[in-house]
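One structure is given below, encoded as structure tokens.
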Amino acid sequence: EDKVVQSPLSLVVHEGDTVTLNCSYEVTNFRSLLWYKQEKKAPTFLFMLTSSGIEKKSGRLSSILDKKELSSILNITATQTGDSAIYLCAPNSGGYQKVTFGTGTKLQVIP
Amino acid sequence: GAVVSQHPSRVICKSGTSVKIECRSLDFQATTMFWYRQFPKQSLMLMATSNEGSKATYEQGVEKDKFLINHASLTLSTLTVTSAHPEDSSFYICSAGTSGGDNEQFFGPGTRLTVL
């Protein structure tokens with residue numbers, strides 16, 4: 001059975017802090033790992049990672065995959081209150097773009 | 001990015017009734033769509049994979065006779081919750097992927113189902 005574990009489960013930081021969110025996975029036929037941000041409704045796509053060691057960046061967010069360690073991290077620098085959300089990691093395994101979601105990390109950024 | 005819509009966004013129904021939720025890919029064709037369920041404070045759980053023109057593939061523990069999925073066209077998949085009960089109250093989300101080998105999935109806005 002596929003497993004995805006995210007840590008920490010929740011996190012409260014002050015604006016301007018830097019946070020690192022962790023994701024570890026055990027899935028069969030791993031193809032890629034996706035990160036999503038979920039606010040009040042459905043998740044929105046952040047990153048797709050397929051190769052180890054190659055950092056993907058989007059503004060203050062960056063992410064990297066370690067296939068040897070079966071893990072990924074998501075970094076957010078200079079956090080803002082708008083970053084408050086649940087961040088979901090989702091490895092894609094097998095065909096048909098099937099993904100398995102982790103429990104998520106709930107991030108709260110306070111002014 | 002690609003747009004996926006869901007309808008309705010919110011539905012309240014009586015126990016024992018059936019509810020149909022639509023998922024549409026608005027600007028792309030999706031041979032495969034996915035249906036997820038999310039209970040409060042929990043992550044998204046994949047219920048089934050909906051394949052255009054063929055039967056859906058259900059995850060373990062999901063009753064196929066209770067959650068009927070129809071993927072009649074490349075832009076529409078429907079999920080019908082039959083004989084709904086209060087424990088079926090949840091947030092149902094669909095997603096679809098674009099063609100071309102990319103694994104990115106685009107999510108619909110979700111449907112909040114409340115069964116009284």
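Predicted model, so just to flag it, every value in this text is computed and none were measured. Every chain is numbered from 1, with letters handed out A, B, ... down the list of sequences.
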Exercise for the section: Would you mind checking which part of B:Leu44 comes under 4.5 Å of any heavy atom in chain A, side chain (CB onward), backbone (N, CA, C, O), both or neither? Expected result: both
Exercise for the section: Please indicate whether A:Lys57 has more than 12 foreign heavy atoms, meaning atoms of other residues, nucleotides or ligands, lying under 6.0 Å from its NZ. Expected result: yes
Exercise for the section: Considering non-hydrogen atoms only, spot the tightest contact between A:Ala42 and B:Gly108 and give its length. Expected result: CB-O, 2.6 Å
Problem - Same apolar cluster (I L V M F W Y, side chains within < 4.5 Å links), A:Leu70/A:Ile73 - result: no
Completion exercise
CD of B:Gln38 to CD1 of A:Ile86, rounded to nearest 0.5 Å, is 6.5 Å
Completion exercise
If one checks every heavy atom of B:Gln60 against chain A at 4.5 Å, the contacting part turns out to be neither
Handout entry: Evaluation steps, side chain to side chain contact (heavy atoms under 4.5 Å, CB included), between B:Phe107 and A:Tyr36
Key = CA-CA 10 Å; B:Phe107 286 85; A:Tyr36 289 88; 3.2 Å; yes
Problem - Common cluster, B:Phe91/B:Phe34, ILVMFWY with side-chain heavy-atom separation under 4.5 Å - result: yes
Handout entry: hydrophobic_cluster_shared for A:Met48 and A:Phe101, side chain cutoff 4.5 Å
Key = yes
Exercise for the section: State whether the number of non-hydrogen atoms from other residues, nucleotides or ligands found under 6.0 Å of B:His85 atom NE2 is greater than 12. Expected result: yes
Exercise for the section: Could you state whether B:Met45 and B:Tyr58 fall into the same hydrophobic cluster, counting links through intermediate Ile, Leu, Val, Met, Phe, Trp or Tyr residues with side-chain heavy atoms under 4.5 angstrom apart? Expected result: no
Practice task
Treating Ile, Leu, Val, Met, Phe, Trp and Tyr as nodes and any side-chain heavy-atom pair under 4.5 angstrom as an edge, say whether B:Ile93 and B:Ile21 lie in one connected cluster.
Solution key: no
Problem - Heavy atoms of other groups near B:Lys66 NZ, more than 12 under 6.0 Å - result: yes
Practice task
Using a 4.5 Å cut-off on heavy atoms from C-beta on, say whether the side chain of A:Val99 contacts that of B:Tyr36.
Solution key: yes
Practice task
Answer with side chain, backbone, both or neither: which region of A:Gln38 has an atom nearer than 4.5 Å to a non-hydrogen atom of chain B?
Solution key: side chain
Handout entry: Contact residues of residues 103-111 of chain A (partner chain B; heavy-atom separation under 4.5 angstrom)
Key = A:Thr103
